[in-house]
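As a basis for the values below, the full set of heavy atoms in this structure was taken, side chains included, without hydrogen atoms, waters or symmetry mates. We count ligands from 1, going down the list as the structure has it; atoms in each ligand are counted the same way. Residues take their numbers from the sequence shown, with the count starting at 1.
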Amino acid sequence: MKNKTEVNKNGASLMYHPPKSIVKNAHIRNYEKTYEESIKDPEAFWAKEAEKLKWYKKWQQVLDDSDKPFYKWFTGGKINIIGNAIDRHLETHRRNKLAMIWEGEPGDVVTLSYHALNREVSKFANVLKSMGVKKGEIVTIYMPQIPELPIAMLACAKIGAMHSVVYGGFSVEALAGRIGDANSRVLVTADGGWRRGKITELKSIANEAMDRSPTIEVCITVKRTKQEVHMENDRDFWYHDLMSLPIASPRCETEVLDAEDPLFILFTSGTTGKPKGLVHSHGGYSVYTSSTHRNVFDIKDEDRWWCAADPGWITGHSYLVYGPLINGATIMMYEGAPNHPYPNRWWSMIEKYGITILYTSPTAIRGLMRFGEQWPRRHDLSSLRLLGSVGEPINPEAWRWYHEVIGGGNCPIMDTWWQTETGGMMIAPVPVTPLKPGSATRPLFGIEVAIVDDNAEEVGPGEEGKLVIKTPWPGMARTIFGDPDRFKETYWKEYEKQGWYKAGDSARIDEDGYIWIIGRIDDVIKVSGYRLGTAEVESALVSHPDVSEAAAIALPHEVKGNAIHTYVILKAGATSSKKLEEELRKHVSDEMGPIARPETVHFVESLPKTRSGKIMRRVLKARSLGVDEGDLSTLED
Ligand code: WTA
């Protein structure tokens with residue numbers, strides 16, 4: 001292995017150095033220097049990054065921190081993310097460049113140049129306007145991974161409406177809850193999508209959700225699978241019908257917005273209660289996603305960028321849609337399962353389209369690794385230059401496989417740590433950074449992080465602590481939709497005195513300043529890189545007529561990273577059985593979506609609780625793993 005030249009001081013991990021060809025052409029040649037400058041004067045750094053974008057009117061103030069933690073960025077500035085993701089490319093050679101290559105699971109292909117993307121987005125923007133969609137209104141989008149999904153998102157942004165994308169794998173309950181919270185009047189969906197050769201039932205789930213959602217007046221459905229679906233008079237319209245009407249003109253002015261005008265809400269699981277809708281804004285998010293994407297992945301005009309995440313999650317928002325389009329990249333999008341019809345599907349598409357950068361999750365890597373090297377070995381993957389990882393810590397074994405077998409030992413892996421709340425990558429290498437498998441390396445430009453103990457003191461090298469972010473950044477979520485108090489409470493209260501952001505992760509820092517993320521410290525579970533709350537799983541379980549109480553924990557899983565295990569106390573009169581266990585697993589899947597389906601359901605007589613009645617999940621976890629249960633002094637009995 002030619003780039004592996006150094007053994008770490010403690011001998012634990014090897015350093016991987018980037019190939020010369022990458023260093024020579026990198027945008028950022030010297031991480032340390034750029035970082036130091038950015039930290040010395042973050043506002044100057046962000047102003048410089050912001051100047052790379054198209055503004056209708058320049059900002060007056062880079063950062064307004066007069067109402068902490070409700071920071072405002074680029075105030076006084078006028079912008080629209082579409083002005084940057086589409087409009088400005090139309091005036092350059094990129095007009096005829098491919099903006100998107102999409103492949104459906106059955107093998108159908110759609111390509112759109114920036115010119116063509118602009119036409120589709122403008123047409124749909126006009127359709128939305130004709131349905132009365134106004135600036136500031138939230139349109140809910142519930143779709144498979146088809147081109148109309150980013151088109152719908154971009155169309156909302158263009159007219160100043162917000163979108164709320166609900167992951168297409170979510171169930172009736174989850175969709176209805178999110179429609180209700182967003183007060184959406186308009187839902188955009190599809191008749192279904194292709195997944196592992198089967199059709200998903202999006203429209204029937206949407207129909208059921210709409211039955212419970214009095215706010216919905218209009219539902220626009222893309223015909224993808226052509227399966228029979230129920231359409232309601234006066235409410236339901238076919239996308240293609242509307243797009244062929246004269247109102248769907250391909251010319252539409254992009255709405256001039258304030259930098260702080262909201263772009264979207266995205267629901268994500270938290271520690272307690274219902275998922276929260278994080279709000280991101282046009283100005284700061286445009287600057288942040290494009291800057292991080294350009295720096296971390298060293299984006300060049302000739303790149304073909306593939307972010308394999310679903311647009312229903314933040315990774316898809318920031319790095320499938322917005323960041324890469326602002327940078328004028330060609331984005332790849334694929335509808336279906338990575339192993340359909342065979343486990344070489346991804347590798348064949350990398351070869352076929354000449355993909356240069358692949359950004360995916362450790363769980364996807366582990367899943368494909370299982371099928372063995374022979375599948376990627378059948379393909380020429382030499383177009384790849386860089387690889388990326390996101391969503392959970394990547395285990396060194398998966399890292400090495402990704403590096404060797406997929407990257408041919410030549411592609412540095414950008415392990416990027418960030419969150420729905422941060423809008424974009426926060427801790428990540430740039431291509432010139434020497435890498436240690438399993439570490440997201442060091443903070444990005446303008447980002448100051450620390451790992452602290454319970455007294456907010458920085459911990460020493462190798463010690464575990466809580467990850468905090470010390471200063472604001474442009475991509476940060478502005479608030480929780482409709483609940484600013486919860487925003488303060490969740491992220492800012494613990495370090496109110498210091499003014500730090502609490503990430504909710506534990507981490508270690510080593511003697512080289514490299515950060516090693518350990519995982520969530522709260523009751524958020526990462527299953528296959530997707531974020532779920534124990535509280536949501538538990539409330540799904542107790543919504544079953546036989547269940548009186550429930551607890552959910554995460555235990556390590558070889559492919560998924562973590563899997564959900566549950567403990568259930570039945571109501572008097574109900575009896576435990578294999579059948580009921582299966583029924584409860586299915587019930588959670590029906591309530592939340594298949595990703596939340598518990599691995600196991602254990603029937604128990606009681607649950608370990610604190611005297612104040614809180615379930616001590618760590619005790620359940622310790623018992624299942626057969627490790628020390630720790631301090632039990634607060635245990636009730
Ligand atoms: C975890 C996903 C280790 C972390 C973009 C974080 C990671 C949560 C990494 C946010 C990484 C994300 N290494 N852990 N490279 N990236 N995480 O909101 O626990 O879905 O707090 O955002 O994912 O999940 P979210």
Cation-pi check for Phe170 against Arg178: NZ or CZ below 6.0 Å from the six-membered ring centre and within 45 degrees of the axis, yes or no?
yes

Please work out, at 4.0 Å between heavy atoms, whether the side chain, the backbone, both, or neither of Ile427 comes within that distance of ligand 1.
neither

Near Thr315 (heavy-atom distance under 4.0 Å), the atoms of ligand 1 are 5 (C)

From Met426, Lys526, Met425 - option closest to atom 24 (O) of ligand 1 by heavy atom
Lys526

Could you tell me whether some N/O pair between Ser389 and ligand 1 is separated by less than 3.5 angstrom?
no

As a check for students: among Trp418, Tyr530, Trp516, Trp313, identify the option with a heavy atom nearest to atom 2 (C) of ligand 1.
Trp418

Quick note on ligand 1: atoms under 4.0 Å from a heavy atom of Thr416 include exactly 9 (C), 11 (C), 15 (N), 16 (N)

Would one find an N or O of Glu421, backbone or side chain, under 3.5 Å from an N or O of ligand 1?
no

For atom 6 (C) of ligand 1, find the nearest protein heavy atom and state the residue, atom name and distance (0.1 Å precision).
Asp505 OD2, 3.3 Å

Are Trp102 and Tyr334 near enough that their ring centres are under 6.0 Å apart?
no

If you count the atoms of ligand 1 from 1 in the order shown, which ones are under 4.0 Å from a heavy atom of Val390?
5 (C)

Taking the six-membered ring for Trp, are His280 and Phe264 parallel (under 30°), tilted (30 to 60°) or perpendicular (over 60°)?
tilted

Cation over ring, Lys502 on Tyr491, under 6.0 Å and within 45°?
no

For atom 1 (C) of ligand 1, the closest protein heavy atom turns out to be Gly391 O, 3.3 Å

Of the backbone atoms (N, CA, C, O) and the side-chain heavy atoms from C-beta on, which set of Gln419 has a member under 4.0 Å from an atom of ligand 1: side chain, backbone, both, or neither?
both

I want to know whether Tyr359 and Trp305 have ring centres closer than 6.0 Å.
yes

Report the relative orientation of the aromatic rings in Phe297 and His293; use parallel for angles under 30°, tilted for 30 to 60°, perpendicular for over 60°.
tilted

Against ligand 1, does Gly504 come closer than 4.0 Å with any heavy atom?
no

Proximity of Ile517 to ligand 1 by residue part, where a heavy atom lies under 4.0 Å:
side chain

Would you call the rings of Tyr501 and Trp473 parallel, tilted or perpendicular, taking 30° and 60° as the class edges?
perpendicular

Aromatic plane relationship, Trp46 with Trp73 - under 30° parallel, 30 to 60° tilted, over 60° perpendicular
perpendicular

In ligand 1, the atoms that come under 4.0 Å of a heavy atom of Pro393 are 3 (C), 13 (N), 14 (N)

